[in-house]
Amino acid sequence: MFTSSYVKLLSNKKISKICSKAYGFELLIIIYNFTKNNDEYGIEETFEMIQYNRCKRPAFLRFIKDLEADKIVIRMPSKIKKSRILLRLNQAIVHEIDQVNSDWK
């Protein structure tokens with residue numbers, strides 16, 4: 001069941017783009033949780049949370065810029081710490097993942 005759910009997610013071009021990197025699926029899960037829980041983790045903390053196949057920081061920041069340009073990821077200023085930039089998923093992507101999650105349960 002998990003495999004078919006994962007394949008269904010990858011049929012979405014925006015989700016597929018995130019998952020195109022070796023660390024992409026892990027990044028997707030991290031940012032999805034940030035978005036759902038309204039967590040206050042910035043870009044640097046996000047980079048540090050990636051445990052598997054992490055790239056170098058400059059490549060990660062370029063990838064985030066690409067995702068932002070494609071309206072997959074949204075940068076938001078933190079309400080708690082003004083110097084912190086938060087990452088959030090586009091709400092359409094969150095909805096797509098929620099749909100797959102509800103089908104999987």
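Bear in mind that the values here come from a model prediction, so they are computed numbers and not experimental data.
Figure legend: Arg54 and Phe47 shown as a cation-pi pair, the cationic atom lying under 6.0 angstrom from the six-membered ring centre and within 45 degrees of its axis.
Met76 and Ile64 end up in different hydrophobic clusters when Ile, Leu, Val, Met, Phe, Trp and Tyr side chains are linked at under 4.5 Å. Cluster membership for Ile85 and Phe34, using ILVMFWY side-chain heavy atoms within less than 4.5 angstrom, is shared. Ile97 and Ile74 fall into different hydrophobic clusters, defined by Ile, Leu, Val, Met, Phe, Trp and Tyr side-chain heavy atoms under 4.5 Å apart, directly or through other members. Linking ILVMFWY residues whenever their side-chain heavy atoms come closer than 4.5 Å, directly or via other members, places Val73 and Met49 in the same cluster.
A search for salt bridge (charged side-chain N to carboxylate O under 4.0 Å, His left out) contacts involving Arg62 returns nothing, not counting sequence neighbours.
Among pairs with a residue in residues 9-25, those fulfilling side-chain hydrogen bond (donor to acceptor under 3.5 Å, both in side chains) read Lys17-Asp70, at least two apart in sequence or across chains.
Here the CD1 atom belonging to Ile18 is positioned 6.5 Å from the CZ atom belonging to Phe63, to the nearest 0.5 angstrom. Atoms CG and CD1, from Leu87 and Ile30 in turn, are 10.5 Å apart once rounded to the nearest 0.5 Å. Put simply, SG on Cys19 and CG on Leu28 are 5.0 Å apart, with the number rounded to the nearest 0.5 Å. Note that CD1 of Ile15 is 9.5 Å distant from CZ of Phe25, once rounded to the nearest 0.5 Å. Remark: Arg75 CZ to Leu67 CG distance equals 10.0 Å, nearest 0.5 Å. The distance from atom CG of Leu86 to atom CD1 of Ile31, rounded to the nearest 0.5 Å, is 11.0 Å.
No salt bridge links Glu40 with Lys81; every basic N to acidic carboxylate O contact stays at or beyond 4.0 Å.
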Distance-only check: which donor-acceptor pairs under 3.5 Å involve side-chain atoms of residues 89-96, not counting sequence neighbours?
from, atom 1, to, atom 2, distance (Å)
Asn90, OD1, Ala92, N, 2.7
Asn90, ND2, Lys71, O, 2.9

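Between Glu48 and Arg57, the closest side-chain pair of non-hydrogen atoms falls below 4.5 Å. Residues Ile72 and Asp66 form no side-chain contact, since every pair of their non-hydrogen atoms from C-beta on lies 4.5 Å or further apart. Residues Asn53 and Glu26 are not in side-chain contact: their nearest non-hydrogen atoms beyond the backbone lie 4.5 Å or more apart.
Atom OH of Tyr41 has 12 or fewer neighbouring heavy atoms from other residues, nucleotides or ligands inside a 6.0 Å radius.
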| task | Test Asp98 against Tyr32 for side-chain contact (heavy atoms from CB on, under 4.5 Å), laying out the working first. | result | CA-CA 10 Å; Asp98 287 343; Tyr32 171 79; 2.3 Å; yes
